[in-house]
Amino acid sequence: MTRNVAEKRTALVTGGARRVGAALCRGLAEDGWHVAVHFNGSGKDAENLVGEIRAAGGSAEAIQCDLSDAEAVTRLVGRAGEEGAPPLGLLVNNAALFEDDRLDNLTAELIDRHHAVNVRAPALLSRAFAEIVGRQAQEGISPRTDCCIVNLLDNKVFGPNPDYLSYSLTKFALHGMTQMLAMELAPEIRVAGIAPGVTLPSGPQTQEEFERSQASLMLGRGSTPEQILAALRFILAAPAFTGQCITIDGGQVLQAMPRDIAFMGNTESPDEGGR
């Protein structure tokens, strides 16, 4: 679904420098988007990815922002459209803090940290995105229609377990936000979600442990970055799709697992990780 050059738009992907975010950035660039690769501490990875995309004939830039800084977040979307970049057309809220806790070691500080990055930042970014897209339409720069916000959720929203409590609470909130913003921003802007299961090894999880957890799923396989990219491409190509979520997890939510899939068969939980 390559876009016509004359219709090129900018896609902002938070947490776009590594892992799933990088796969989404590569795919969007291949499809003709100008990609704003957001990063916080992964500057080298972001610059390497931008170089890779440009070498392949794509268009990209790297933008640093600490998503726990509310003031910096309010400026991030505007920065993605600066310096002659094409009009904004897509916001992918991919970045997330993912640290391990349960009720017995829950702290107010950890809840607040997760909320700032995983809920507050997507909400502020969505507001800024909607304002800029509306202004672009008023100024005749770009039509307001066919613009999207896509939130990366988690299959835990549909098959909860008590692991990663603070993180999980924020994903429930982001799912609710997806539905509410779809109602608020229709018909001009569509809002949708993608809820993967564990897609890459998390934290101290070994490759062997990761493969074992994937093999235990109903289909014997789980989500991959390529499948998440395919889901994003479907959302962008389906103009009637809004307020809904695509779950990709190999059937995990139907298995009613008492623990996070990353811990099944392990005796200890990791201290922290990243999906």
Side-chain angles (χ1 to χ4, degrees), residues 14-15 18-21 38-42 65-74 93-127 151-181 193-206 209-210 212-214 216-217 222-223 228 245 247-250 252-275:
T14 65
R18 301 175 60 246
R19 293 168 65 88
V20 170
H38 160 264
F39 69 95
N40 183 22
S42 302
C65 179
D66 180 356
L67 295 184
S68 67
D69 182 341
E71 291 188 7
V73 167
T74 60
N93 286 309
N94 166 72
L97 183 65
F98 181 66
E99 296 186 7
D100 182 34
D101 67 348
R102 284 173 65 112
L103 186 62
D104 59 358
N105 63 338
L106 182 69
T107 67
E109 188 270 340
L110 195 55
I111 290 177
D112 289 346
R113 284 169 53 197
H114 279 85
H115 183 274
V117 174
N118 300 0
V119 181
R120 187 180 69 192
L124 293 175
L125 292 172
S126 297
R127 182 185 68 181
N151 297 321
L152 267 292
L153 304 172
D154 194 296
N155 71 330
K156 287 167 68 68
V157 171
F158 306 103
N161 57 65
D163 291 311
Y164 291 99
L165 181 57
S166 293
Y167 164 84
S168 300
L169 290 172
T170 64
K171 291 301 180 178
F172 276 93
L174 189 58
H175 179 234
M177 186 193 308
T178 300
Q179 297 176 320
M180 289 186 286
L181 292 186
I194 302 172
V198 174
T199 304
L200 296 167
S202 298
Q205 187 182 37
T206 67
E209 291 168 339
F210 170 73
R212 186 165 62 245
S213 67
Q214 295 274 300
S216 70
L217 296 171
S223 59
I228 297 171
C245 180
T247 303
I248 309 173
D249 68 354
Q252 180 187 340
V253 297
L254 302 177
Q255 293 175 267
M257 295 181 177
R259 300 221 58 194
D260 190 283
I261 187 66
F263 301 155
M264 297 299 287
N266 298 342
T267 58
E268 297 182 0
S269 303
D271 292 330
E272 64 177 66
R275 292 201 168 198

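- Contact record, R18 with S42: CD-OG, 3.3 Å, taken as the closest heavy-atom pair.
- The minimum heavy-atom distance linking G15 with H38 is given by the pair N-ND1, 2.9 Å.
- A donor-acceptor contact closer than 3.5 angstrom links the side chains of Y167 and D154.
- Using a distance-only test at 3.5 Å, with no hydrogens or angles considered, a donor-acceptor pair links the side chain of N161 to the main chain of D163.
- Taken from CD in Q179 to CG in L174, the straight-line distance is 10.5 Å, to the nearest 0.5 Å.
- In this structure, L97 and H114 approach most closely via the heavy-atom pair O-CD2, 3.3 Å.
- Remark: side-chain polar atoms of K171 are paired, donor with acceptor, to backbone N or O of L152 under 3.5 angstrom.
- Side-chain N or O atoms of T199 include one that pairs as donor or acceptor with a backbone N or O of G197 at under 3.5 Å.
- L67 places none of its side-chain heavy atoms less than 4.5 Å from the side chain of N40.
- Panel note: side chain D101, backbone L106; no donor-acceptor pair is recorded below 3.5 Å.
- A heavy-atom distance below 4.5 Å is found between the side chains of N93 and S126.
- In this structure, K156 NZ and H175 NE2 are separated by 15.0 Å, a value rounded to the nearest 0.5 Å.
- Within 6.0 Å of atom CD in E109, more than 12 heavy atoms from other residues, nucleotides or ligands are found, so the atom counts as buried in its surroundings.
- The shortest distance between side-chain heavy atoms of L125 and V73 falls below 4.5 Å.
- Across N94 and T14, no two heavy atoms sit closer than the pair N-OG1, 2.9 Å.
- Between S216 and Q255 there is no side-chain heavy-atom pair separated by less than 4.5 Å.
- For the atom pair S166 OG and F98 CZ, the distance stands at 12.0 Å (nearest 0.5 Å).
- By the side chain to side chain contact (heavy atoms under 4.5 Å, CB included) test, A72 pairs with C65, D69, R75, sequence neighbours left out.
- A donor-acceptor pair is defined here as one N or O able to donate and one able to accept, closer than 3.5 Å; no such pair exists between the side chain of R102 and the backbone of L165.
- Looking only at side-chain heavy atoms (C-beta outward), T247 and Q252 stay at 4.5 Å or farther from each other.
- Within the 4.5 Å cutoff, no side-chain heavy atoms of C245 are placed close to those of T178.
- The two atoms that bring P122 and M177 nearest to each other are C-SD, 4.3 Å, heavy atoms only.
- Two residues are said to be in side-chain contact when any heavy atoms from C-beta on lie closer than 4.5 Å; D249 and S223 fail this criterion.
- Across all their heavy atoms, T170 and N118 have their closest contact at OG1-ND2, 3.1 Å.
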